[in-house]
Amino acid sequence: RHAMPEDVPADLVRSLHHAGDIESALDSCQELSLITATNAGSVVQKLAKLATWPGDPRLQAVLARAAEVLPRATEPRQVSGALWGLAKLAQGGSISLKFDTSQL
C-alpha cells in the first residue's frame with residue numbers, strides 16, 4: 001500500500017518506537033524525505049536515546065535533515081524534543097549543526 005504523505009511521518013515514528021537499537025532505527029530513517037517538520041523532533045529524540053556514537057555519518061545525515069525541516073515545525077513538542085535529543089547527543093561527542101533560528 002502506498003502511504004499518503006501525511007501518514008508517512010506517523011509510520012516512521014511508529015517504526016522508530018519499535019526499534020530496539022540504533023542500527024534498526026537508522027535503517028528506518030534511511031529515506032530522509034520521511035523526516036518532516038511534524039516528526040523531526042520525535043525522530044531526533046528517539047535516535048538520541050539509542051545512539052552510542054554521535055559521529056555516525058548516517059546519524060549526522062538524519063540530524064542535518066532534521067535541522068533543515070525543524071524551523072517549519074508548528075508543534076512546540078517537536079522543537080523541544082529535538083532540542084532535548086541534540087543536548088543528549090552533544091554530551092556524547094561532537095555534533096556540529098547549523099540551525100536557522102530566524103524562523104523559530
Side-chain angles (χ1 to χ4, degrees):
R1 115 185 146 77
H2 287 288
M4 296 304 291
E6 59 270 24
D7 76 358
V8 165
D11 289 346
L12 175 59
V13 171
R14 199 172 301 119
S15 61
L16 280 178
H17 188 68
H18 296 299
D21 56 56
I22 190 68
E23 289 302 317
S24 53
L26 284 169
D27 285 346
S28 301
C29 294
Q30 273 184 317
E31 185 54 59
L32 290 177
S33 62
L34 296 182
I35 301 167
T36 65
T38 50
N39 71 0
S42 304
V43 170
V44 171
Q45 199 169 2
K46 176 64 178 179
L47 290 176
K49 285 179 182 165
L50 295 172
T52 47
W53 180 58
D56 186 315
R58 291 179 307 159
L59 180 56
Q60 291 289 341
V62 171
L63 293 177
R65 168 67 182 170
E68 206 178 290
V69 297
L70 264 170
R72 296 194 291 279
T74 51
E75 220 181 301
R77 211 164 46 105
Q78 290 304 320
V79 179
S80 63
L83 291 175
W84 178 90
L86 289 172
K88 186 169 183 339
L89 286 167
Q91 289 169 3
S94 59
I95 53 170
S96 56
L97 278 183
K98 290 182 176 65
F99 274 95
D100 175 11
T101 50
S102 63
Q103 307 300 311
L104 292 177

(message) Using a 3.5 Å distance criterion without hydrogens, assess whether the side chain of N39 forms a donor-acceptor pair with backbone atoms of L34.
(response)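 Looks like yes, one N/O pair under 3.5 Å.
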(message) Tell me if a side-chain donor or acceptor on R72 pairs with a main-chain N or O of A37 at a distance below 3.5 Å.
(response)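 Checking the backbone N and O of A37 against the side chain of R72, no donor-acceptor pair under 3.5 Å is found.
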(request) Would you please name every residue forming a side-chain hydrogen bond (donor to acceptor under 3.5 Å, both in side chains) with S24, sequence neighbours left out? (result)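 Listed in chain order: D21.
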(request) Please list, chain by chain and in numerical order, all residues satisfying side-chain hydrogen bond (donor to acceptor under 3.5 Å, both in side chains) with Q30, sequence neighbours excluded. (result)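 side-chain hydrogen bond (donor to acceptor under 3.5 Å, both in side chains) check on Q30 returns nothing, list empty.
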State, with a plain yes or no, whether a side-chain heavy atom of [X] is found less than 4.5 Å away from one of [Y].
X	Y	answer
I22	D56	no
R58	D27	yes
V43	C29	yes

[X] versus [Y], closest heavy-atom pair with distance:
X	Y	answer
L16	S28	CD2-CB, 4.1 Å
A40	V69	CB-CG2, 3.7 Å
V44	A82	CG1-O, 3.7 Å
L50	G20	CD2-O, 3.7 Å
S42	V13	CB-CG2, 4.0 Å
A73	V79	CB-CG2, 4.2 Å

(request) With rounding to the nearest 0.5 Å, note down the distance linking NZ in K49 to CG in L89. (result)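 Here the interatomic distance stands at 12.0 Å.
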(message) Would you compute the distance between atom OG1 of T38 and atom CD of Q78 and round it to the nearest 0.5 angstrom?
(response)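 With rounding to 0.5 Å, OG1 (T38) is 6.5 Å from CD (Q78).
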(request) Sequence neighbours left out, what passes side chain to side chain contact (heavy atoms under 4.5 Å, CB included) with S80? Give chain and number order. (result)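 In terms of side chain to side chain contact (heavy atoms under 4.5 Å, CB included), with neighbours along the sequence ignored, S80 is linked to no residue.
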(message) Less than 4.0 angstrom from a charged side-chain N to a carboxylate O is my criterion; do E31 and R65 meet it?
(response)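 So E31 does not pair with R65 through a salt bridge.
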